[in-house]
Amino acid sequence: MASSLSQTVFSILLLLSLHQACAEMTHLHFYFHEIFSGPNATVLTVVNPSNSTSLTFGTIVVVDDMLLEGLDDNSKLIGRAQGLVGAVGKDGSLETLHNFVFTEGKYNGSTISIYGRVELGVTIERPVVGGTGMFRMTTGYTLAKPVVVSATKLVYEFDVYLWHMEMKDN
């Protein structure tokens, strides 16, 4: 029994080491644009326990935000950030689950999945917990710095650091 367990642990460690040794590092840079209201709103509240318009404890929203090459609203659309945001802390903290779906360029059709805690107004670090397409078996992290914060809009500058196997379609 102990020998079998040791062999399993060794095999797992060997596979993880090979993954790190063979992994490619990719750095992505883009801007995340979120619009709160109007005909082009990218946020929709689906649970609002307090009937207020702010993100109070217990609120859940769905998002379909834009990933743009630049800060300007007219920059090229390279993908969408689709997911859920929940107001999980009475201190105002949020929990997010996003799939970044790339629709242009080399990574067209690929996704990365990001999960983590958000505090508004500061640079946010969250883990990348997986991906599809070119980013299968990916790990990594994101850094998101707020660059526009207003009553109608939120824009973050994103730097994404990924370690993944270079995947090709067969």
Side-chain angles (χ1 to χ4, degrees), residues 11-36 40-44 55 60-89 92-150 152-170:
S11 297
I12 290 170
L13 291 174
L14 179 62
L15 285 173
L16 289 173
S17 297
L18 287 172
H19 175 72
Q20 285 297 336
C22 300
E24 176 179 325
M25 196 283 227
T26 298
H27 172 235
L28 304 173
H29 181 263
F30 50 82
Y31 292 82
F32 172 105
H33 289 245
E34 186 165 87
I35 303 168
F36 300 126
N40 296 317
T42 61
V43 176
L44 176 67
L55 278 173
I60 299 173
V61 301
V62 293
V63 297
D64 186 10
D65 297 320
M66 297 170 289
L67 303 178
L68 302 179
E69 278 187 346
L71 180 58
D72 185 81
D73 292 341
N74 296 317
S75 295
K76 183 178 181 180
L77 179 71
I78 61 166
R80 306 294 298 197
Q82 299 170 329
L84 300 169
V85 178
V88 297
S93 62
L94 307 172
E95 198 74 19
T96 64
L97 177 58
H98 284 103
N99 282 310
F100 284 13
V101 181
F102 296 97
T103 57
E104 288 291 326
K106 178 179 180 181
Y107 305 116
N108 183 19
S110 298
T111 67
I112 56 174
S113 298
I114 301 164
Y115 175 78
R117 187 172 193 270
V118 171
E119 289 183 54
L120 297 176
V122 299
T123 298
I124 303 160
E125 180 177 354
R126 288 178 289 179
V128 174
V129 296
T132 65
M134 295 287 290
F135 299 125
R136 280 183 219 136
M137 298 179 63
T138 196
T139 60
Y141 67 98
T142 68
L143 296 173
K145 180 176 113 183
V147 291
V148 175
V149 179
S150 73
T152 60
K153 174 179 198 168
L154 180 64
V155 179
Y156 279 94
E157 180 179 14
F158 259 82
D159 283 293
V160 181
Y161 300 91
L162 303 171
W163 286 266
H164 59 96
M165 305 300 285
E166 183 70 31
M167 297 294 177
K168 309 241 188 276
D169 290 332
N170 291 335

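All figures in this text were calculated on a predicted structure; none of them were measured in a lab.
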- Message: Taking the side chain as everything from C-beta on, heavy atoms only, tell me whether Val43 gets closer than 4.5 Å to Asp65.
- Response: yes
- Working to the nearest 0.5 Å, report the span between CZ of Phe100 and CZ of Phe158. 4.0 Å
- Message: Please give me the minimum heavy-atom distance between Val118 and Thr96, naming the atom from each residue.
- Response: CG2-CG2, 3.5 Å
- Determine the interplanar angle of the Tyr161 and His27 rings, folded into 0 to 90°, and report it as parallel if under 30°, tilted if 30 to 60°, perpendicular if over 60°. parallel
- Message: Assess, by modelled atom type and distance only, whether the side chains of Arg80 and Thr103 contain a donor and an acceptor separated by less than 3.5 Å.
- Response: no
- Item | Heavy-atom side-chain contact between Trp163 and Thr139 under 4.5 Å | yes
- Message: For a quick check under 3.5 Å, do Asn99 and Thr111 share a side-chain donor-acceptor pair by atom type?
- Response: no
- Interatomic distance, CD@Glu34 vs OG1@Thr42, rounded to 0.5 Å, equals 5.0 Å
- Are any non-hydrogen side-chain atoms of Leu162 and Val128 less than 4.5 angstrom apart? yes
- Query: From Ile112 CD1 over to Tyr107 OH, what is the distance, rounded to the nearest 0.5 angstrom?
  - Reply: 10.5 Å
- Please test Lys76 against Glu104 for salt bridge (charged side-chain N to carboxylate O under 4.0 Å, His left out), starting from the C-alpha separation and ending with a verdict. CA-CA 9 Å; Lys76 183 178 181 180; Glu104 288 291 326; 3.6 Å; yes
- Are Gln82 and Asp64 linked by a side-chain donor-acceptor pair shorter than 3.5 Å? yes
- Task: Mind checking the CD-OG spacing from Glu119 to Ser93? Nearest 0.5 Å is all I need.
- Result: 6.5 Å
- Does a donor on one side chain sit under 3.5 Å from an acceptor on the other, for Tyr115 and Glu95? yes
- Report yes if some heavy atom in the side chain of Lys145 is under 4.5 Å from a heavy atom in the side chain of Val147; otherwise report no. yes
- First locate atom CD of Glu157, then atom CZ of Phe32, and finally report the distance between them rounded to the nearest 0.5 Å. 14.0 Å
- Rounded to the nearest 0.5 Å, how far does OG1 of Thr142 lie from CG of Leu28? 11.0 Å
- Query: So do the side chains of Val85 and Val63 get within less than 4.5 Å of each other, counting heavy atoms only?
  - Reply: yes
- Below 4.5 Å, heavy atoms only, C-beta onward: do His33 and Lys153 meet side chain to side chain? yes
- Task: Check the pair Leu71 / Val155 against side-chain contact (heavy atoms from CB on, under 4.5 Å), numbers first and verdict last.
- Result: CA-CA 8 Å; Leu71 180 58; Val155 179; 3.7 Å; yes
- In terms of heavy-atom contacts, Thr132 and Gly109 come closest through OG1-O, 4.2 Å
- Classify the side-chain pair His29/Glu69 by whether it contains a donor and acceptor separated by less than 3.5 Å. no
- Do Ser110 and Phe135 come within less than 4.5 Å of each other through their side chains, counting heavy atoms only? yes
- Query: Strictly by modelled atom types, are His164 and Thr26 linked by a side-chain donor-acceptor pair under 3.5 Å?
  - Reply: yes
- Message: For a quick test of reading the model, state the closest non-hydrogen atom pair linking Arg126 to Ile114 and the distance between them.
- Response: CB-CG2, 3.8 Å
- Message: Show, in sequence, the C-alpha distance, side-chain angles and deciding distance for Tyr156 and Tyr31, and conclude whether the ring-ring contact (aromatic ring centres under 6.0 Å, His included) test is met.
- Response: CA-CA 6 Å; Tyr156 279 94; Tyr31 292 82; over 10 Å; no
